[in-house]
Amino acid sequence: MEALITTIEQNNNQEPYRLIPVKHNGVTFPGNVQSERHIIPIVTQFPNKPFIEANTTEINLDQLKNNCVIPVFSKDNERTIAHQEFIEIAQESLSKVFPNTNFDKTEIRVSHQIKGRTPGAIHKNVNDLLEHERTQYFERMAFIIRVPSILETINGNEIALTIGGVRSYNLENLYSKKTFEKFKFFIGFQNKVCCNLCVWSDGFVDDMKVYSCQELQSKVLSVIQNYNAEKHLLGMKELSQQSLTENQFAQLIGRTRLYQHLPKTAKSLIPNLNFTDSHINTIVKDYYEDESFSRNQQGDINLWNVYNLFTQANKGSYIDTFLDRNVNAFDFTQGIQKALIGNGDYHWFLN
């Protein structure tokens, strides 16, 4: 059924709204209000939790602009597209799709600091360097931007529309001439309870190759405009309708551990699971202890909670693998859902 068409607006107090289904510039975003004219102001506050942890640190846009140098391609000294340009392009693209909507402050995490020094400090000992003689940039950067006015509830958890991206200079050949640069970009949702991201393959591009900022913006806009939020939300809601018993969960965990050590020929016949033993350990611990997504008193756990155990564990991934694993978590949980009813290729994990 075609969604009702409305606009997303803020009142004079800049309060977010819970909306009816929205279709804007070809993008459909559902809401919870029944009447086209009935818009209910709500106040939603996400907890102060990072969307990724691992070895990352928080940074703001001004620090990226003012305190970081821009890497170049060494053979022709052509500059790369800077982290802050990627973020600003995403912000501008979101504003084009939703011109009357406020967004939460961009959250930025960085890792793998590359240090340097200015030419005038070439002979100084490191302890004698002054602040203005030090240079730095970060090899890896991830960011998200939430749209707090577009919300939905799944299994009692409020989730908000979110876009974001990853840039990893380690994926570029900076020792060569300027060529296409690689970016990862997504549009999906973020769970308010735990700040876990909910990303699926139709809203994610893991190898966005561009040569210029203009091309990057064009491709970012295309991802946002082609995203089917209704289908994504429906898939996530269906996860809450099926559960694993304690025995089935134990079987699943045992198989995920075996999967890491399968021969290549055997592994090639099974759908990909992009999680390590360290992630699985976290999932098992949270199955018993997590305040929001642990088992019930009988030991059962619904697949929405299983999915969030995976995305929670994924916060320990490095930036360059973070989004790929997040997508894999959704594909894997959907595969287990199909295996429970005898369909799909994931039955090996429950046998």
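- Residues K115 and T135 are not in side-chain contact: their nearest non-hydrogen atoms beyond the backbone lie 4.5 Å or more apart.
- For the residue pair K192/N157, the side-chain donor-acceptor check at 3.5 Å is not satisfied.
- With hydrogens and angles disregarded, a donor-acceptor distance shorter than 3.5 Å links the side chain of N226 to the backbone of S222.
- Summarising the geometry of F138 relative to Q136, their closest heavy-atom pair is CZ-OE1, 3.6 Å, with the distance given to 0.1 Å.
- Taking all atoms of both residues into account, the shortest heavy-atom contact from I187 to I224 is CD1-CG2, 4.0 Å.
- A salt bridge links K184 to D324: at least one charged side-chain nitrogen sits closer than 4.0 Å to a carboxylate oxygen.
- Taken to the nearest 0.5 Å, the CD atom of Q241 stands 10.0 Å off from the CG atom of N155.
- A single hydrophobic cluster is seen to contain both Y288 and F249, as judged by linkage of ILVMFWY side chains at heavy-atom distances under 4.5 Å, directly or through other members.
- In summary, the aromatic rings of F143 and F86 are positioned with their centroids under 6.0 Å apart.
- Taken together through direct or relayed side-chain contacts under 4.5 Å among Ile, Leu, Val, Met, Phe, Trp and Tyr, I144 and W200 form parts of separate hydrophobic clusters.
- Within the 4.5 Å cutoff, the side chain of V306 has heavy atoms near those of the L244 side chain.
- A 4.5 Å side-chain heavy-atom check between M141 and R109 finds every atom pair outside the cut-off.
- Considering only heavy atoms from C-beta on, L94 comes within 4.5 Å of F98 through its side chain.
- We find that E85 and R167 are not joined by a salt bridge, their nearest charged nitrogen and carboxylate oxygen being 4.0 Å or further apart.
- Under a cutoff of 6.0 Å and an axis angle of 45°, K178 and Y211 form a cation-pi pair.
- Here the two rings, on Y169 and H83, have centers that are under 6.0 Å apart.
- Taking a 6.0 Å sphere around CD of Q298, one finds it holds more than 12 heavy atoms contributed by other residues, nucleotides or ligands.
- Checking T80 against E181 by side-chain atom types alone, no donor-acceptor pair falls below 3.5 Å.
- Salt bridge present: D320 and R140 bring a charged side-chain N and a carboxylate O closer than 4.0 Å.
- Under a 4.0 Å N-O distance rule, the pair E215/K209 does not qualify as a salt bridge.
- Rounded to the nearest 0.5 Å, atoms CG (L151) and CZ (R146) are 10.0 Å apart.
- Minimum heavy-atom separation, A121 to L129: CB-CD2, 3.5 Å.
- Of all non-hydrogen atoms in V327 and F204, the two that sit nearest each other are CG2-CD2, 3.4 Å.
- Residues passing the ring pair (Phe, Tyr, Trp, His ring centres under 6.0 Å) test with F310, sequence neighbours excluded: F275, F332.
- Residue pairs meeting the ring-ring contact (aromatic ring centres under 6.0 Å, His included) criterion with at least one partner in residues 102-125, sequence neighbours excluded, are H112-Y318.
- Side-chain atoms of C213 and I89, non-hydrogen and from C-beta on, do get closer than 4.5 Å to each other.
- Using a cut-off of 4.0 Å between Lys/Arg side-chain N and Asp/Glu carboxylate O, K75 and E78 are scored as not salt-bridged.
- Judged by distance alone, the side chains of R295 and N302 never bring a donor and an acceptor atom under 3.5 Å apart.
- In this structure, a donor-acceptor pair under 3.5 Å is absent between the side chains of N228 and D202.
- The closest side-chain heavy-atom distance from C195 to Q190 is below 4.5 Å.
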